[in-house]
Amino acid sequence: MTTIEVNDETIRQTRELRDEFQKFLREYEFGMREVETKISILRDEFLHDHSYNPIEHVKSRLKTPDSIVEKIARKGIAEPYFEQIRQNITDIAGVRVTCSFVADVYLLFDLLTQQDDITVRAVKDYIAHPKDNGYKSLHVIIDVPVFLSTGPLLVPVEVQFRTIAMDFWASLEHKIYYKFSNQVPSHIVESLTDAAEAASELDIRMERLHREAHGVPLRQLDPPPPAPRIVQV
Ligand code: 0O2
């Protein structure tokens, strides 16, 4: 059996690393809160000025330390210093915005990413280009400034925009993969892909119904088919 000598110096270094890691995660939490505030301001403004709420719900999460370590290994980050992690793992802070309709997804995306203090690092438009399994969602990695006592800091936040139907599908698919420990029987994979198609059809029908019922309440709600937002897929 190997014995590890734990002396005062080891304890001091371990505590220092723990404190640094907590500080690192806190910065992501601040970035996430900045994005949440931006989204909630947009929602409130829409409600008051247009009597319309394009957002169904917003969910945020910080990646767990275990999940960060797993991703460091998966990405083969040889020297996992905080700066390397910040550059290579861009979804430590995540905000998911679930909208009513596809047009709202693109509208919210534009309203957030066009703000002056936001820098777009990468966009993955899985709505224009769904994954093979049928997964749809619009992902963007943005840098958002956080103003600390030490000065401003740019924090990357992953924002996922999707409709309720896409969210329902993704959440069920995620649970199924978890249940089968990623070894999903092929007939279930096929059914899931079919279900993704059904979800897309439902999105189209519901948006059409909404427009029929309400006329066209906002110019933005009736754009030509949204141009795919692609920087990187
Ligand atoms: P969690 O718990 O949601 O955070 P990356 O490794 O991030 O550089 P990747 O994995 O290609 O590159 O990123 P991508 O494609 O943008 O996907 C990242 C996130 O999108 C995932 O996060 C999921 O939230 C979601 N996602 C992507 N593909 C699928 C899919 O096929 N099904 C479902 N249900 N969700 C998907 P995490 O890290 O997997 O988990």
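One is the number of the first residue; the rest follow in order along the sequence. Ligands are counted one by one from 1 in listed order, and the atoms in each one are counted from 1 as well.
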Peer 1: Tell me the protein heavy atom at minimum distance from atom 21 (C) of ligand 1, and give that distance in Å.
Peer 2: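 Answer for atom 21 (C) of ligand 1: Gln160 NE2, 4.3 Å.
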Peer 1: Salt-bridged, Asp167 to Lys59, with N to O below 4.0 Å?
Peer 2: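 No, no charged N to carboxylate O under 4.0 Å.
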Peer 1: Can you sort out which atoms of ligand 1 are near Lys131, meaning under 4.0 Å from one of its heavy atoms?
Peer 2: 27 (C), 28 (N), 29 (C), 31 (O)
Peer 1: At less than 4.0 angstrom from any non-hydrogen atom of Lys75, what atoms of ligand 1 do you find?
Peer 2: 6 (O), 8 (O)
Peer 1: If you count heavy atoms of other groups shown closer than 6.0 angstrom to NE2 of His48, is the number above 12?
Peer 2: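 Not more than 12 within 6.0 Å, no.
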Peer 1: Using 30° and 60° as the class limits, which term best fits the ring planes of Tyr135 and Trp169: parallel, tilted or perpendicular?
Peer 2: tilted
Peer 1: Could any protein non-hydrogen atom be found less than 4.0 Å from atom 6 (O) of ligand 1?
Peer 2: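 So far as the 4.0 Å threshold goes, atom 6 (O) of ligand 1 is in reach of a protein heavy atom.
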Peer 1: Looking at Arg33, Glu34, Met32, which hits side-chain contact (heavy atoms from CB on, under 4.5 Å) with Phe30?
Peer 2: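 With Phe30 as partner, Arg33, Glu34, Met32 yield a single side-chain contact (heavy atoms from CB on, under 4.5 Å), made by Arg33.
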Peer 1: Strictly less than 4.0 Å: does any protein heavy-atom distance to atom 28 (N) of ligand 1 fall in that range?
Peer 2: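 Protein heavy atom within 4.0 Å of atom 28 (N) of ligand 1: present.
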Peer 1: Check the angle between the aromatic planes of Phe109 and Phe161 and answer parallel, tilted or perpendicular using the 30° and 60° thresholds.
Peer 2: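 Aromatic pair Phe109/Phe161 classed perpendicular.
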Peer 1: Quick one: which of Arg162, Lys175, Arg96, His174 has a heavy atom closest to atom 3 (O) of ligand 1?
Peer 2: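 Going through Arg162, Lys175, Arg96, His174 one by one, Arg96 has the nearest heavy atom to atom 3 (O) of ligand 1.
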Peer 1: Judged on heavy-atom distance to atom 36 (C) of ligand 1, which of Tyr135, Trp169, Tyr126 sits nearest?
Peer 2: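 Heavy atom nearest to atom 36 (C) of ligand 1 belongs to Tyr135.
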Peer 1: Tell me whether His139 has any N or O atom under 3.5 angstrom from an N or O of ligand 1.
Peer 2: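 N/O-N/O distance under 3.5 Å: yes.
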Peer 1: Going by a strict under-4.0 Å cutoff (protein heavy atoms only), does atom 24 (O) of ligand 1 have a neighbour on the protein?
Peer 2: yes
Peer 1: Of the side chain and backbone of Glu70, name the one, both, or neither that has a heavy atom under 4.0 Å from an atom of ligand 1.
Peer 2: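 Neither part.
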Peer 1: Provide the number and element of each atom of ligand 1 under 4.0 Å from a heavy atom of Ala170.
Peer 2: 34 (N)
Peer 1: Please could you name the atoms of ligand 1 that Lys71 approaches to less than 4.0 Å, counting only its heavy atoms?
Peer 2: 5 (P), 6 (O), 7 (O)
Peer 1: Counting heavy atoms not belonging to Arg12, are there more than 12 under 6.0 Å from its CZ?
Peer 2: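 Yes, enclosed.
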Peer 1: Taking Glu212 first and then Arg208, would you say they form a salt bridge - that is, a charged N and a carboxylate O separated by under 4.0 Å?
Peer 2: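 Here Glu212 does not pair with Arg208 in a salt bridge, since their nearest N and O are not under 4.0 Å apart.
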Peer 1: For residues Thr10 and Asn7, is any side-chain donor paired with an opposing acceptor at under 3.5 Å?
Peer 2: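 Thr10 vs Asn7: donor-acceptor pair found between side chains.
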Peer 1: Below 4.0 Å, non-hydrogen atoms only: which portion of Asn133 touches ligand 1? Side chain, backbone, both or neither.
Peer 2: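 Just the side chain.
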Peer 1: Check whether any protein heavy atom sits under 4.0 Å from atom 40 (O) of ligand 1.
Peer 2: no
Peer 1: What atoms of ligand 1 come within less than 4.0 Å of a heavy atom belonging to Lys63?
Peer 2: 4 (O), 38 (O)
Peer 1: Side chain, backbone, both or neither: which part of Tyr177 comes within less than 4.0 Å of ligand 1 when only heavy atoms are counted?
Peer 2: neither
Peer 1: Should one rank Glu173, Lys124, Arg61 by closest heavy-atom distance to atom 12 (O) of ligand 1, which comes out on top?
Peer 2: Lys124
Peer 1: Any carboxylate oxygen within less than 4.0 angstrom of a Lys/Arg side-chain nitrogen, looking at Asp91 and Lys71?
Peer 2: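 Yes, Asp91 and Lys71 are salt-bridged.
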Peer 1: Could you give the distance from CD1 (Ile127) to NE2 (His139), rounded to the nearest 0.5 Å?
Peer 2: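 Separation between the atoms: 8.5 Å.
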Peer 1: Please report the shortest heavy-atom distance between Ala93 and Tyr28, naming the atom on each side.
Peer 2: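 Of all heavy-atom pairs spanning Ala93 and Tyr28, the closest is CB-O, 3.7 Å.
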